[in-house]
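For reference, the structure is listed below as structure tokens.
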Amino acid sequence: MNALLPTVSVCLLTYNNAKVLRQTVRSILSQEFSDFELIISDDRSKDETWAVVTELAEEDQRIRAVQPEQNLGMAGNANFAVAASVAPYVAILHHDDIYSPNLLQRWVDILRKYPRVGFVSNAYAVIGSDRVDYHPFEECTNGTLVMEKYLLPLWGCPVRGTAMVRRSCWNALGGMRMQFGLLADVDLWMRLAARWDVGYVREPLISVRNDHP
């Protein structure tokens with residue numbers, strides 16, 4: 001592993017979310033695990049998001065502000081952000097969640113402990129409520145079992161759009177497939193689980209907002 005590269009590339013995907021973006025970014029910059037770069041990729045927002053992103057990048061040297069030439073949608077923006085990053089572990093995060101200070105450390109621990117894990121996710125809390133969404137995964141679960149028991153037969157997906165992916169696995173699959181639109185992340189989890197094990201942290205490391213579709 002190149003000692004000059006960060007261990008983690010945090011790829012924060014954003015679009016039309018100037019209102020809460022600073023709060024989200026603060027939770028990322030406050031991580032206990034410090035060996036990361038932060039790529040904030042704005043998908044050609046129509047509000048003040050890009051201005052906020054560039055201001056944040058000027059305030060903290062860990063942040064790199066990037067923007068595609070045209071709006072790509074979630075999947076295309078994810079691919080664009082990952083292509084701009086360099087680390088062996090890639091954390092795909094979204095612009096309106098709040099991240100616990102130990103999120104990156106817990107994810108990295110799983111990927112280091114289990115070399116066969118392709119990606120790792122966690123339990124989720126819901127902002128403004130006592131609800132926590134847990135899922136019946138082990139720290140390391142056979143990917144085929146996850147596919148057959150949880151991803152294929154159920155309506156819905158227990159893994160949200162936020163996870164840490166091993167870059168070698170991401171590259172092997174070619175990232176997200178844009179033709180699946182907002183379900184491209186679910187398609188990615190399926191393709192990863194078909195070839196590698198799945199990691200899970202049974203702690204609500206991410207708090208999500210419940211006011212969007």
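Please read all numbers here as calculations on a predicted model, not as lab measurements. As a basis for the values below, the full set of heavy atoms in this structure was taken, side chains included, without hydrogen atoms, waters or symmetry mates. Residue numbers start at 1 and run along the sequence shown.
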With the threshold set at 4.0 Å, does a side-chain nitrogen-carboxylate oxygen contact exist between D187 and R177?
yes
Please tell me if the side chains of M164 and V90 come closer than 4.5 Å, counting only heavy atoms from C-beta onward. no
Quiz item: Would you say the side chains of D96 and N17 form a donor-acceptor pair under 3.5 Å?
Solution: no
One should read off an interatomic distance between I39 CD1 and S9 OG, to the nearest 0.5 angstrom, of 6.0 Å
Fill in: Validation row: I40, V25 side chains within 4.5 angstrom (heavy atoms)
yes
For P6 and P88 the tightest heavy-atom approach is O-CD, 3.4 Å
| said: Salt bridge or not between E48 and K19? Use side-chain N to carboxylate O under 4.0 Å. | reply: no
Query - side chain to side chain contact (heavy atoms under 4.5 Å, CB included) between R166 and F119, worked out - result: CA-CA 6 Å; R166 203 179 295 274; F119 76 98; over 6 Å; no
Quiz item: Would a distance-only check, ignoring hydrogens and angles, find a side-chain to backbone donor-acceptor pair under 3.5 Å from S207 to I127?
Solution: no
Okay, side chain of Q31, backbone of S100: is any donor-acceptor separation there less than 3.5 Å? yes
Output for pair (C169 SG, L188 CG), nearest 0.5 Å, gives 10.0 Å
Closest heavy-atom pair, L151 versus A193, reported as atoms and distance to 0.1 Å, is CD1-CB, 4.2 Å
Closest non-hydrogen contact found for I63 with L56 is CD1-O, 3.5 Å
Exercise for the section: State whether E37 and R62 are salt-bridged, where the test is any N-O pair (Lys NZ or Arg NE/NH1/NH2 against Asp/Glu carboxylate O) under 4.0 Å. Expected result: no
- Item | ILVMFWY network linking V20 to I98, side-chain heavy atoms under 4.5 angstrom | no
L173 backbone acceptor or donor facing R191 side chain under 3.5 Å:
yes
- Side chain to side chain, V117 and W196, heavy atoms closer than 4.5 Å: no
Would you check if Y150 and P136 make a side-chain contact, meaning some heavy-atom pair closer than 4.5 Å? yes
Output for pair (Q61 CD, L38 CG), nearest 0.5 Å, gives 12.5 Å
| message | With a 4.5 Å cut-off on side-chain heavy-atom distances among I, L, V, M, F, W and Y, is there a chain of contacts connecting L192 to L145? | response | no
| said: For the residue pair S85 / R64, report whether a side-chain donor-acceptor contact shorter than 3.5 Å exists. | reply: no
When rounded to the nearest 0.5 Å, the distance separating OG of S27 from CD of Q23 is 7.5 Å
**Study point:** salt_bridge(R106, E32) N-O dist < 4.0 Å
**Key:** no
Worksheet item: If we ignore angles and hydrogens, is there a donor and acceptor under 3.5 Å between the side chains of T162 and Y124?
Response: yes
Heavy-atom nearest pair, V8 first then A87, reads C-CB, 3.3 Å
Between Y15 and the options H95, H94, K46, the side-chain hydrogen bond (donor to acceptor under 3.5 Å, both in side chains) test singles out K46
Could you walk me through whether T144 and V146 pass the side chain to side chain contact (heavy atoms under 4.5 Å, CB included) check? CA-CA 5 Å; T144 301; V146 172; over 6 Å; no
ask   = Do the side chains of F180 and M178 join up, straight or via other hydrophobic residues, at under 4.5 Å, putting them in one cluster?
value = no
* Any donor-acceptor pair under 3.5 Å linking the side chain of R209 with the backbone of D97? -> no
Practice item. Verify, without hydrogens or angle tests, whether S129 (side chain) and R131 (backbone) share a donor-acceptor contact under 3.5 angstrom. Key: yes
Any donor-acceptor pair under 3.5 Å linking the side chain of N122 with the backbone of R202?
no
Stepwise side chain to side chain donor-acceptor pair (under 3.5 Å) check, E139 with Y114 | CA-CA 9 Å; E139 217 177 51; Y114 302 102; 2.6 Å; yes
Discussion item. I'd like to know if the side chain of D197 reaches the main chain of G118, judged simply by a donor and an acceptor atom lying under 3.5 Å from each other, with no hydrogens or angles considered.
Written reply: no
Would you say the side chain of V66 lies within less than 4.5 Å of the side chain of F80, judging by non-hydrogen atoms?
yes
Heavy atoms of A18 and V52 approach each other most closely as CB-CG2, 4.1 Å
Residues N77 and P68: closest non-hydrogen pair is OD1-CD, 4.2 Å
Do L12 and L21 make a side-chain contact, defined as non-hydrogen atoms from C-beta onward lying under 4.5 Å apart? yes
Practice prompt. Would you confirm whether T49, through its side chain, and S45, through its main-chain N or O, come within 3.5 Å as a donor-acceptor pair?
Written response: no
Flag side-chain contact, heavy atom, 4.5 Å: L103 against I206: yes
Donor-acceptor contact present, side-chain D43 to main-chain L72, <3.5 Å
yes
Side chain to side chain contact (heavy atoms under 4.5 Å, CB included) for V165 and W189? Distances and angles first, verdict last. CA-CA 10 Å; V165 184; W189 313 142; 4.1 Å; yes
Side chain to side chain contact (heavy atoms under 4.5 Å, CB included) between L29 and D60, worked out: CA-CA 9 Å; L29 296 178; D60 195 301; 3.8 Å; yes
Assess whether a salt bridge exists between R44 and D42, defined as any Lys/Arg side-chain N lying under 4.0 Å from an Asp/Glu carboxylate O.
no
Exercise. Relative to the ring of Y200, is the ring of F137 parallel (under 30°), tilted (30 to 60°) or perpendicular (over 60°)?
Worked result: perpendicular
Separation between NZ (K149) and CE (M147), nearest 0.5 Å, reads 15.5 Å
From the list V10, V108, T7, side chain to side chain contact (heavy atoms under 4.5 Å, CB included) partner of F36 resolves to V10
**Report entry** Donor-acceptor pair, side chain of T141 and main chain of E138, under 3.5 angstrom
**Finding:** yes
